[in-house]
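All values below were derived from every heavy atom in this structure, side-chain atoms included, with hydrogens, water molecules and symmetry-related copies excluded. In what follows, chains carry the letters A, B, and so on, assigned in the order in which the sequence lines appear, proteins first and then strands, with residues in each chain numbered from 1.
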Protein chains: 2
Amino acid sequence: MAADRVTTYDVAKAAGVSQPTVSRVFSRSTSVDPAKVERVRAVARELGYIPNLVARSLNSGHSFRIGIVLAYLKNGFFGEALQDFSKALNKQGYSVTVYFAGNSSDDIDGIIDDLLADQVDGIVLASISLSNALVTRVRKSGIPCVLFNRGQSDPDVSMVTASNFMGGKQATEFLIKAGHMRIAHLAGWRKALNGVDRRDGFLAAMEEAGLEPLACIDCHFRRTVAMVETRKLFHQKVVPDALFVANDHMAFGVLEVLREELGLRVPQDVSVIGYDDAPMADWKTFDLTTVRQPLPQMIDATATMLLSEIADPSRASEKIEIPGELIVRGSARMPAGVTRMTAKP
Amino acid sequence: MAADRVTTYDVAKAAGVSQPTVSRVFSRSTSVDPAKVERVRAVARELGYIPNLVARSLNSGHSFRIGIVLAYLKNGFFGEALQDFSKALNKQGYSVTVYFAGNSSDDIDGIIDDLLADQVDGIVLASISLSNALVTRVRKSGIPCVLFNRGQSDPDVSMVTASNFMGGKQATEFLIKAGHMRIAHLAGWRKALNGVDRRDGFLAAMEEAGLEPLACIDCHFRRTVAMVETRKLFHQKVVPDALFVANDHMAFGVLEVLREELGLRVPQDVSVIGYDDAPMADWKTFDLTTVRQPLPQMIDATATMLLSEIADPSRASEKIEIPGELIVRGSARMPAGVTRMTAKP
DNA sequence: ATTGGGATTGGGAGCGTCCCCATGCGCGAC
DNA sequence: GTCGCGCATGGGGACGCTCCCAATCCCAAT
């Protein structure tokens, strides 16, 4: 069925020009007689010629492909991220190939091999747990690389993160201003920098206000763990009057426990603040006050950064932290003077 | 920084063999002296040689890449699908490149060009609205292609779908057996075959039982639309005692309206059944009875089908429909003798 | 009319790999 | 001891394109 691939030679012959001329028409490297351009284009269209990117890659050294390494996609956040990435990079003529790494480092090692074999022009490492050895390996390969939403101590690697510290601090200050005194934090995962930073922001805000955290518990970003810990917290002598939860996903579980199991009213009895502004956060069922991850800006910064590194591989690494935004809804008591935000842009 | 790429020539020279021999070692096409194999492997490892897939593609005509075309990824369903696809295909030595098509057909036309230029070995068209002309174009290109979760009238194209008709019928029969008489359906989108099939399953079950549908409303798979329509339904003279909603996403919104706005109890006052078994469906907040999309089997079937078409492009197209499974939870009244399912596999 | 210069053009090599083919080598059989 | 036979090996040519460079052409200027 597959009519044999049409090549520049076929087009050249049919258009009465040389093969390099056809090539020039499609790569617009140097000028070609406008009349010929038109003729070549017409013939090409008629024959159904489409430039073979593989051949172009081989001798140009650019594959026009970007590899993006992800751990999971079940979480909607990364799906959205991937989609936006892809669109941003497609616009620049790149296509995006995905590589999934379970969090085992063997996987990741194999994936780096794949990335190298596939000759990608650039790599986005999104939220995977990675060893320094790994980052070193990628760097040594010389392929431009940006870490997305994943902190790393290595100073030589570019990265884009949300300002988790500030976000945690902001959320906590909001609770404090609203008059809460017994504030607990259901934290992320102590091995994930974003969780740690949110926690540190929480602790910093508490200390500045001269308050003692009622609790600060590692919940591994897992909803069920957060639910268990919430039950425990409310069976103690002194119970919290506010909870700062390290992500929305856990916060939804926490709300469920508070309302359905413990019969508490939110925010009258307990205030809850989450993190991420997941799409469900503004459903009336949850109506969750939360810190929004500035996803579009993060994507944008990452894509831009990666593309400039591809354009000039010698440029210094860069680290960008993008501030979050507190989205005020109904799950946390409001400090005087603050009003609810209505529309979600 | 980027040490120049190590090629088979470099390895050959360092190992004291010819370039073709190195090639043979890595493509294990014909036999090579075991001693040399080992030496070449050792040298390659030391030099950090990795076969260049681009060069291999150019020469062999196989890119070992699969293109998957998606409309959206915000919906968790496709994120999961993409991940599973990628894993299944990686296992067979393919990498997966994603292409996003908004639902405009211009987009899609451009994407086909990209797919052709990128020389993908196979295409998965996942849930995008596509014209017959488009499918024709893909077919004419000779690239193997499978439609995933998207029906199409064209008999010559392979596809894998969930059995939406049976699923809709099953859900409806469940409601009927539980004694409901005033059943309404909040449908998907009349231009999407999966929505239409679910609706037809609903109508078939009703007819078989000799019942008149109380309503059957196109909600475009949009949560907010479903919420509006729910309000309307319950402001009529005769109100439903059961709702079959065309996907979980809408069902969550419907539950919200029923409980929070209308003060109804589920399932005592109204039964609700959804479709998809989204991860949130088993949260206690929703506890939604729903029809599970048999995603793993669908992925599996699609990957297998695509790979066999790649292996033998002349093989006939195939259509597979995979039956769904009713997951019984607490949002719908239970017929006598039916018990709740507990574990989610 | 001749020449110089810029714009176009075609020839040819090469990107890294795999495949076809011919060579060479070793070993068993006569 | 010589002749095959077969397997391992290397040479050379593709794959489709881009790039370099030399050749050509046209036109203006001398």
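Between the side chains of B/S158 and B/E309, at least one donor N or O lies within less than 3.5 Å of an accepting N or O.
Counting heavy atoms of neighbouring residues, nucleotides and ligands inside a 6.0 Å radius, atom CD of A/Q297 exceeds 12 of them. Atom CD of A/E46 has 12 or fewer neighbouring heavy atoms from other residues, nucleotides or ligands inside a 6.0 Å radius.
Direction change of the helix axis from one end of the helix from C/dA1-D/dT30 to C/dC30-D/dG1 to the other is 60°, with five pairs defining each end axis (rounded to 10°).
Considering only side-chain N and O atoms, B/S23 lies under 4.0 angstrom from the phosphate OP1 or OP2 of C/dC18. In this structure, B/T8 reaches the C/dT17 phosphate: one of its side-chain N or O atoms is under 4.0 Å from OP1 or OP2.
Judged by distance alone, the side chain of B/D121 and the main-chain N or O of B/S63 form a donor-acceptor pair under 3.5 Å. A/K13 places no side-chain N or O within 3.5 Å of a backbone atom of A/Q19 that could act as its donor or acceptor partner. Between the side chain of B/S86 and the main chain of B/Q83, no donor-acceptor pair closer than 3.5 Å is present. Proximity of a side-chain donor or acceptor of A/T302 to a complementary backbone N or O of A/F148 within less than 3.5 Å is not detected.
In this structure, the side chains of A/Q92 and A/I310 stay at 4.5 Å or more apart for every pair of heavy atoms. You'll find the side chain of A/S95 reaches within 4.5 Å of the side chain of B/D118, heavy atoms only.
When distances run from any side-chain atom of A/R56 to the nucleotides D/dG12, D/dT18, D/dC20, the shortest one goes to D/dT18. Of the candidate nucleotides D/dC17, C/dG12, C/dG16, C/dG16 has the atom nearest to the side chain of A/L58. Distances from the side chain of A/P20 to the nucleotides C/dG16, C/dT9, D/dC19 place D/dC19 closest.
As rounded to whole Å, 15 Å separates atom P of C/dG10 from atom NZ of A/K13. Note: CG (B/D118) to P (D/dC17) measures 14 Å, nearest angstrom. Atoms CD (B/Q19) and C1' (D/dG10) sit 10 Å apart, rounded to a whole Å. One can place NE2 of A/H62 at 9 Å from P of D/dC19, the figure rounded to the nearest angstrom. Across the protein-nucleic acid pair, B/N59 atom CG and D/dG12 atom P stand 18 Å apart, rounded to whole Å.
Comparing B/S18 and A/F26 by the nucleotide of DNA chain D that holds the closest heavy atom to each, the one mapping nearer the 5' end is B/S18.
Residue-level contact check: B/T7 touches the backbone only, with heavy atoms under 4.0 Å from sugar-phosphate atoms and none from bases. At the heavy-atom level, B/T21 lies under 4.0 Å from the strands shown only through sugar-phosphate atoms. Base contact: B/Y9 has a heavy atom under 4.0 Å from a base atom.
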Using atom names, set out every protein N or O paired with an N or O of nucleotides 25-27 of chain D below 3.5 Å, distance rounded to 0.1 Å.
none

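Contacts between residues 42-55 of chain B and DNA chain C, defined by a heavy-atom separation under 4.0 Å, are made by B/Y49, B/P51, B/N52, B/A55.
Between A/Y94 and A/F64, the two ring planes are tilted [angle within 30° to 60°].
With a 6.0 Å cutoff to the six-membered ring centre and a 45° limit on the axis angle, B/R41 counts as a cation-pi contact of B/F26.
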